[in-house]
Number of protein chains: 2
Amino acid sequence: MTIPSIDRAILAALQENSRISNRELAARVGLAESTTHERVRRLVETGVITRFTAEVDPAALGRPMQALIAVQLRPQSAEVVTRFLDAVVDDPCVLDATVLSGETDVQLRVAVASSEEIRTFAWRKVTSVPSVRSIQTHIVYEHRRGPTLSATAE
Amino acid sequence: MTIPSIDRAILAALQENSRISNRELAARVGLAESTTHERVRRLVETGVITRFTAEVDPAALGRPMQALIAVQLRPQSAEVVTRFLDAVVDDPCVLDATVLSGETDVQLRVAVASSEEIRTFAWRKVTSVPSVRSIQTHIVYEHRRGPTLSATAE
DNA sequence: TGTGAAACGGATCAGCA
DNA sequence: TGCTGATCCGTTTCACA
């Protein structure tokens, strides 16, 4: 299932700005509006586009500080990992969670108002889960997005 | 600079789907279209909303594998970190880069077609930068988004 | 800040290549 | 798959509260 070059142009434009009008999108990729509209619909339907979203600056919402929390779990089983994720991932300060190979089983990225809040979250929500063996917290100094996601050259 | 509750409703709706019409957004938050439109404009202008984007599944673009690469740099200075970021962050396989406190100075998240490509990227792009002392690569088994970003309760 | 209405521009659909 | 064009609907702007 390879992505045609027109769809790649559509994806690039929508990643850059998902709120452009269908008309402008059609002009950019050089197709009629109706055709463009249909292609976008299919990209969503087939799961290539997972969602349209607004990115919000956590600092503007009163969470100027971010941290990574590396978590080691005791029995390193799929079940334990899933249970742990379910216990923490819905907390409002969690930005995302990554399940990993290696020493660290799960890495959480959190956005908080203060270092106090990191401590509260770490003790109250993370180490309180019985299967958590140990954690390490690292302050995030800076976070940069990579380039727009594009299809691999072939 | 605290966020009024109407704006919080707008942010929640736009994070969930940035392509809803202004009319629907207005209906959801219970304001006139013109007012809603103006509020969204201000949220963008003041930097609360950083961009509207389409999230794309890397696997659908031929990059089914993800990894985290932890990087340790030699002189741990702001300049060295910036130079390193500039050297790697625009590579198409980079999803994002995080600058950290602690042993690891920078953590890269990459999406690739195969483990071969991770190796190529690691040797060709990362360890080839002179200030890179060492790296560790970890496979990403799963990645979960946290809840919609909302303002801290006050 | 908020409203409602008019002018403008975009989305959508049927019919066709 | 793709285009065209008519109709319908949403957005934007404005005078006003």
Side-chain angles (χ1 to χ4, degrees), chain A residues 1-63 148-154, chain B residues 1-63 148-154:
Chain A
M1 193 188 108
T2 272
I3 308 269
S5 87
I6 299 252
D7 284 340
R8 295 207 229 123
I10 289 175
L11 291 173
L14 287 178
Q15 281 181 272
E16 201 222 308
N17 178 7
S18 63
R19 254 180 106 79
I20 56 172
S21 67
N22 184 63
R23 181 171 282 205
E24 192 183 327
L25 182 59
R28 281 214 214 172
V29 304
L31 284 182
E33 291 166 35
S34 50
T35 317
T36 309
H37 189 262
E38 172 63 14
R39 278 185 180 267
V40 172
R41 201 191 60 75
R42 288 193 75 84
L43 286 169
V44 172
E45 198 187 52
T46 57
V48 177
I49 294 175
T50 51
R51 67 166 183 173
F52 296 105
T53 191
E55 283 179 14
V56 172
D57 178 8
L61 296 183
R63 306 167 182 275
T148 285
L149 206 50
S150 58
T152 318
E154 8 211 328
Chain B
M1 194 189 107
T2 272
I3 308 269
S5 88
I6 299 251
D7 285 340
R8 293 206 230 124
I10 290 175
L11 290 174
L14 287 177
Q15 280 180 273
E16 201 222 307
N17 178 8
S18 63
R19 255 180 105 80
I20 56 172
S21 69
N22 184 63
R23 181 173 280 203
E24 192 183 327
L25 182 59
R28 280 214 214 172
V29 303
L31 285 180
E33 290 165 33
S34 49
T35 318
T36 309
H37 189 259
E38 172 64 14
R39 278 184 182 268
V40 173
R41 201 191 59 76
R42 289 195 73 84
L43 287 168
V44 172
E45 197 187 51
T46 58
V48 177
I49 294 174
T50 51
R51 68 167 185 170
F52 296 105
T53 191
E55 282 179 15
V56 171
D57 179 8
L61 295 183
R63 307 168 180 276
T148 284
L149 207 49
S150 59
T152 318
E154 9 209 328

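Per chain, numbering begins at 1; letters A, B, ... match sequence-line order.
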> At under 4.0 Å between heavy atoms, what does A:Ala32 touch on the DNA or RNA strands: base, sugar-phosphate, or nothing?
Replying inline: base

>> Can you tell me how far apart CZ (A:Arg23) and CG (A:Leu25) are? Round to the nearest 0.5 Å.
In response: 13.0 Å

>> Quick check against the 3.5 Å criterion: does B:Thr36 have a side-chain atom that pairs as donor or acceptor with the backbone of B:Ala32?
In response: yes

> Which part of the nucleic acid does B:Arg41 contact within heavy-atom distance under 4.0 Å: base, sugar-phosphate only, or nothing?
Replying inline: nothing

> Which is true for B:Arg42 with a 4.0 Å heavy-atom rule: it touches a base, it touches only sugar-phosphate, or it touches nothing?
Replying inline: nothing

>> By the 4.0 Å heavy-atom rule, please label B:Glu33 as base, sugar-phosphate, or nothing.
In response: base

> Which heavy-atom pair separates B:Asp7 from B:Arg39 by the least distance, and what is that distance?
Replying inline: OD1-NH1, 3.1 Å

>> Judged by each residue's nearest nucleotide on DNA chain C, which is more toward the 5′ side, B:Thr36 or A:Ile20?
In response: B:Thr36

>> Keeping A:Thr50 on the side-chain end and B:Glu55 on the backbone end, is there a donor-acceptor pair under 3.5 Å?
In response: yes

> What's the spacing between A:Leu11 CG and A:Thr148 OG1 if we round to 0.5 Å?
Replying inline: 10.0 Å

> Would a distance-only check, ignoring hydrogens and angles, find a side-chain to backbone donor-acceptor pair under 3.5 Å from B:Arg19 to A:Ile20?
Replying inline: yes

> Expressed in angstrom and rounded to an integer, what is the separation of A:Arg23 atom CZ from D:dT12 atom P?
Replying inline: 13 Å

>> What contact category does B:Thr35 fall into here, base, sugar-phosphate, or nothing, at under 4.0 angstrom with non-hydrogen atoms?
In response: base

>> Can a side-chain donor-acceptor contact be found between B:Ser18 and A:Ser18 if the only test is distance below 3.5 angstrom?
In response: yes

> Is it true that a side-chain atom of A:Arg63 and a backbone atom of B:Ser150 form a donor plus acceptor pair closer than 3.5 Å?
Replying inline: yes

> Okay, side chain of B:Thr53, backbone of A:Gln15: is any donor-acceptor separation there less than 3.5 Å?
Replying inline: yes

> Rounding to a whole Å, what distance do you find between A:Asn22:CG and D:dG2:P?
Replying inline: 14 Å

>> Rounded to whole Å, how long is the line connecting atom NE2 of A:His37 with atom P of D:dG10?
In response: 13 Å

> So where does chain B start and stop touching DNA chain C, 5' to 3', when the test is distance under 4.0 Å to a non-hydrogen atom?
Replying inline: C:dT1 to C:dG4

>> So for the helix from C:dT1-D:dA17 to C:dA17-D:dT1, with five pairs setting each end axis, what is the inter-axis angle to 10°?
In response: 30°

